[in-house]
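Read the structure below first, then the notes.
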2 protein chains.
Amino acid sequence: MPDVTRRADRLPGNRYGNRPTMKDVAARAGVGLKTVSRVVNGEPGVTPETERRVQEAIDALGFRRNDSARVLRKGRTASIGLVLEDLADPFYGPLSRAVEEVARAHGALLINGSSAEDPEREQELVLALCARRVDGLVVIPAGDDHRYLEPELKAGVATVFVDRPAGQIDADVVVSDNFGGARDGVAHLIAHGHRRIGFIGDMPRIHTAAERLRGYRAAMEDAGIPVEDAWMSLGVTDPERVRRAAEEMLADPHPVTAIFTGNNRVTVTVIRVLAGHTRGVALVGFDDIELADLLQPGVTVVAQDAAALGRTAAERLFRQLDGTLLAPDRIELPTRLVTRGSGELPPSD
Amino acid sequence: MPDVTRRADRLPGNRYGNRPTMKDVAARAGVGLKTVSRVVNGEPGVTPETERRVQEAIDALGFRRNDSARVLRKGRTASIGLVLEDLADPFYGPLSRAVEEVARAHGALLINGSSAEDPEREQELVLALCARRVDGLVVIPAGDDHRYLEPELKAGVATVFVDRPAGQIDADVVVSDNFGGARDGVAHLIAHGHRRIGFIGDMPRIHTAAERLRGYRAAMEDAGIPVEDAWMSLGVTDPERVRRAAEEMLADPHPVTAIFTGNNRVTVTVIRVLAGHTRGVALVGFDDIELADLLQPGVTVVAQDAAALGRTAAERLFRQLDGTLLAPDRIELPTRLVTRGSGELPPSD
DNA sequence: TAGAGCCTGGACAACGTTGTCAGATGCGGG
DNA sequence: CCCGCATCTGACAACGTTGTCCAGGCTCTA
């Protein structure tokens with residue numbers, strides 16, 4: 001019963017539930033408004049005795065500075081926005097955490113949202129963040145046209161695109177070497193004797209997917225292997241369709257002996273499919289996955305450093321805000337081939 | 001070179017890089033300030049012709065409403081804070097995403113931060129969020145004393161604790177049935193003939209860890225098995241120490257035949273240890289892990305529904321804000337035993 | 001003891017928006 | 001033709017904070 005009462009006290013109706021303001025603190029401490037402000041912000045020019053009185057009033061009233069008003073006055077929000085595809089995807093966890101750490105080191109908070117790979121939702125999120133006047137944005141773009149950001153950039157919102165480049169505008173970009181990584185991964189399979197190699201990846205409208213596909217084609221071409229259409233499955237995303245695509249490749253009268261998978265989710269599904277087959281099919285996946293080393297065989301992957309992507313992007317963001325970074329640039333981080341067994345299986349025809 | 005110029009335009013010095021305000025829009029459209037406000041907010045009482053002129057000016061200037069000022073005026077920020085332990089932990093990804101989805105459905109943005117299991121950092125984060133006047137807080141507590149939140153609760157900040165209960169204050173709590181889940185998991189091992197069962201878990205000061213330990217003890221007691229100290233390892237967290245703890249249990253002259261692990265990270269490490277042993281040791285872990293079904297043997301786990309935790313918590317939060325939820329309550333979500341093989345191995349003495 | 005200089009404290013405006021209220025305009029009816 | 005009413009528009013204050021600037025009191029020195 002006392003609970004109900006207490007909760008009822010805080011119902012809507014009064015702004016912020018009637019929090020005390022600096023004015024209230026000043027009145028209680030018997031000092032001027034600005035003096036309270038000075039104490040709260042640790043500015044000099046307040047005698048210890050006055051400071052004590054003010055501090056006492058603050059504690060007694062449970063005063064907490066209203067940063068909304070502060071932001072309005074100062075023009076900096078000390079917060080940055082992060083727009084990514086899906087917070088729940090294990091690839092974005094470390095990236096997100098890395099951005100957060102850098103933000104924290106600069107005294108900024110992180111606001112984030114998932115675009116769910118929907119360009120409209122991405123725009124909606126980005127603009128909402130701009131309306132809050134975040135100091136900067138780290139964006140993993142879903143769409144490929146970011147001209148809607150022009151006014152924001154001009155207005156001084158620091159912006160860095162990660163994982164995929166910006167579309168139609170000139171902005172900082174931090175990406176992995178998707179092309180090179182995929183090429184190396186496929187070349188690795190070729191080096192182990194494979195010639196009929198399947199590729200299962202996301203829609204080529206997604207930049208990373210297109211680059212990885214390009215890497216696949218380049219490796220095949222370098223080896224003088226003509227690619228057959230039946231070996232490629234593009235744009236499949238959901239597990240069921242990935243499963244079907246893989247099964248079809250393997251059921252072909254002249255089946256693939258190896259598969260290169262375009263991202264972590266596809267890799268996981270294909271692992272499941274292969275687990276149901278007795279014939280050994282080689283596999284190299286883009287993106288590392290947890291426990292990949294404990295499977296039989298271990299899963300060979302092209303790993304990218306998600307944390308480094310996030311860290312690099314966030315650091316560039318704050319350098320933009322410092323003013324120590326002038327020209328937009330494109331940074332490409334290397335990938336790393338991790339051999340664990342699945343990519344070293346010989347062809348079994 | 002043009003880039004440098006463009007970026008230089010947006011250097012600090014002028015607030016928000018001199019964004020246009022409603023006043024500017026009003027001047028350009030030749031209307032009053034309030035009329036612009038009406039158009040921006042879709043309020044009625046504006047002739048189509050006037051609206052067109054205003055809209056034109058908005059587009060021409062690239063105006064975007066300043067939500068900081070709006071918040072200051074209206075008293076609601078339409079944002080909620082989420083404080084968790086580590087964004088990069090795969091357990092929190094789905095939880096975080098679920099909270100975000102609910103927030104989105106209510107038109108709110110999500111600000112989040114990682115406490116890194118440090119009570120001080122948790123408090124710092126929570127208070128920073130309160131200073132921003134978030135409408136509500138979802139907290140996965142690191143500390144066990146939350147009296148510092150008293151003034152905030154009184155001021156009307158909706159608050160829900162998830163995964164672990166609040167300390168020293170009366171607040172909404174959403175948790176998994178850690179005790180029951182652990183008891184069932186251990187009972188499962190006992191049912192398969194094990195009597196010497198090890199437990200490796202986190203520090204008992206963490207509520208979930210303590211509850212799971214209690215579940216372990218209860219199951220053993222129910223079966224009339226006295227627990228030996230050598231079977232329990234508490235407070236180990238980092239992989240190296242977990243590894244040592246597991247090795248010691250297995251090296252004992254009278255070793256354990258099964259291990260119950262207290263969370264996903266411990267489970268993963270122990271899987272690695274067991275992979276190096278030939279003797280079959282049974283394993284049941286708390287928390288599900290990806291690919292657990294593909295290992296040999298598959299890993300039996302007590303799974304909790306992280307997304308449901310987040311969703312439930314966020315929904316309660318918004319019901320607090322609605323005013324449809326009056327008394328703080330404690331909600332316990334069930335866990336689910338997923339048998340995959342490792343927990344069904346017979347004792348091998 | 002008077003004057004200069006320093007230190008502390010406070011009054012006031014401004015940040016960009018929204019709520020209130022009153023003024024202006026246009027229209028129809030008496 | 002004038003009044004009343006409805007509709008549209010704009011002036012103004014307020015939200016809670018910080019930056020500017022000035023007043024008053026003190027100390028120190030000549």
Side-chain angles (χ1 to χ4, degrees), chain A residues 12-55 57-58 61-78 130-133 135 155-156, chain B residues 12-54 57-58 61-78 130-133 155-156:
Chain A
N14 32 16
R15 318 165 38 74
Y16 306 132
N18 268 342
R19 296 188 79 109
T21 70
M22 284 192 178
K23 209 163 135 191
D24 302 324
V25 175
R28 179 169 181 127
V31 302
L33 182 54
K34 185 62 217 242
T35 301
V36 177
S37 172
R38 273 192 271 261
V39 171
V40 169
N41 294 294
E43 289 170 27
V46 181
T47 40
E49 161 59 13
T50 309
E51 173 163 1
R52 195 191 50 73
R53 281 222 315 284
V54 170
Q55 195 56 57
I58 289 178
L61 295 173
F63 167 80
R64 195 94 59 203
R65 180 178 64 196
N66 184 333
D67 275 356
S68 291
R70 173 170 226 249
V71 159
L72 178 60
R73 185 66 231 256
K74 303 203 75 146
R76 288 270 159 184
T77 57
C130 288
R132 308 257 159 154
R133 297 295 188 269
D135 296 336
Chain B
N14 31 16
R15 317 166 38 76
Y16 305 133
N18 267 342
R19 295 188 81 108
T21 70
M22 284 193 178
K23 208 163 135 191
D24 302 323
V25 175
R28 176 165 184 132
V31 301
L33 182 54
K34 184 63 216 232
T35 301
V36 177
S37 172
R38 272 191 271 261
V39 171
V40 169
N41 294 294
E43 290 171 27
V46 181
T47 37
E49 161 59 14
T50 309
E51 173 162 2
R52 194 191 52 72
R53 281 221 316 283
V54 171
I58 288 178
L61 297 174
F63 167 79
R64 195 95 57 207
R65 181 179 61 198
N66 184 334
D67 275 357
S68 291
R70 173 170 226 249
V71 159
L72 177 59
R73 188 63 234 257
K74 304 203 72 148
R76 287 271 160 183
T77 57
C130 288
R132 308 260 158 148
R133 297 294 188 269

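All chains are named by letter (A, B, ...) in the order of the sequence lines, taking the proteins before the strands, and each is independently numbered beginning at 1. Basis for what follows: all heavy atoms, side chains included, without hydrogens, waters or symmetry-related copies.
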Only distances under 3.5 Å count here; give the side-chain donor-acceptor pairs of residues 29-42 of chain A to other protein atoms, sequence neighbours excluded, each with its distance to 0.1 Å.
from: A:Ser37; atom 1: OG; to: A:Asn41; atom 2: ND2; distance (Å): 3.4
from: A:Asn41; atom 1: OD1; to: A:Arg65; atom 2: NH1; distance (Å): 2.5
from: A:Asn41; atom 1: OD1; to: A:Arg70; atom 2: NH2; distance (Å): 3.3
from: A:Asn41; atom 1: ND2; to: A:Ser37; atom 2: O; distance (Å): 2.8

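When atom types are taken as modelled, the side chain of A:Arg132 and the backbone of B:Thr77 share a donor-acceptor pair closer than 3.5 angstrom.
Residues A:Leu72 and B:Ala69 come closest through the heavy atom pair CD1-CB, 3.7 Å. Contact record, A:Arg19 with A:Arg64: NH2-CB, 3.6 Å, taken as the closest heavy-atom pair. Taking both residues in full, the closest heavy atoms of A:Thr21 and A:Asp24 are given as N-OD2, 2.8 Å, listed atom of the first, atom of the second, then distance.
Listed by chain and number, the residues in a salt bridge (charged side-chain N to carboxylate O under 4.0 Å, His left out) with A:Arg28 amount to none (sequence neighbours excluded).
Counting to the nearest Å, the P atom of C:dT8 and the CZ atom of A:Arg53 are 15 Å from each other.
At the phosphate of D:dT9, OP1 or OP2 sits under 4.0 Å from a side-chain N or O atom of B:Thr50. Applying the 4.0 Å criterion to OP1 and OP2 of C:dC7, one finds that A:Thr47 has every side-chain N and O outside that range.
Atom CD of B:Glu49 and atom CD of B:Glu51 lie 10.5 Å apart (nearest 0.5 Å).
Rounded to 10 degrees, the angle separating the terminal helix axes of the helix from C:dT1-D:dA30 to C:dG30-D:dC1, each built from five base pairs, is 60°.
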Please write out the pairs of protein N or O atoms and N or O atoms of nucleotides 17-24 of chain C separated by less than 3.5 Å, giving the distance to one decimal.
from: C:dT17; atom 1: OP1; to: B:Asn66; atom 2: N; distance (Å): 3.1
from: C:dT17; atom 1: OP2; to: B:Met22; atom 2: N; distance (Å): 2.7
from: C:dT18; atom 1: OP1; to: B:Asn41; atom 2: OD1; distance (Å): 3.3
from: C:dT18; atom 1: OP1; to: B:Asn41; atom 2: ND2; distance (Å): 3.1
from: C:dT18; atom 1: OP1; to: B:Arg70; atom 2: NE; distance (Å): 3.0
from: C:dT18; atom 1: OP2; to: B:Ser37; atom 2: OG; distance (Å): 2.8
from: C:dT18; atom 1: OP2; to: B:Asn41; atom 2: ND2; distance (Å): 3.2
from: C:dT18; atom 1: O2; to: B:Arg73; atom 2: NH1; distance (Å): 2.1
from: C:dG19; atom 1: OP1; to: B:Lys74; atom 2: NZ; distance (Å): 3.4
from: C:dG19; atom 1: N7; to: B:Lys34; atom 2: NZ; distance (Å): 2.8

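The side chain of B:Thr35 lies closest to D:dG10 when the candidates are C:dG10, D:dG10, D:dG16.
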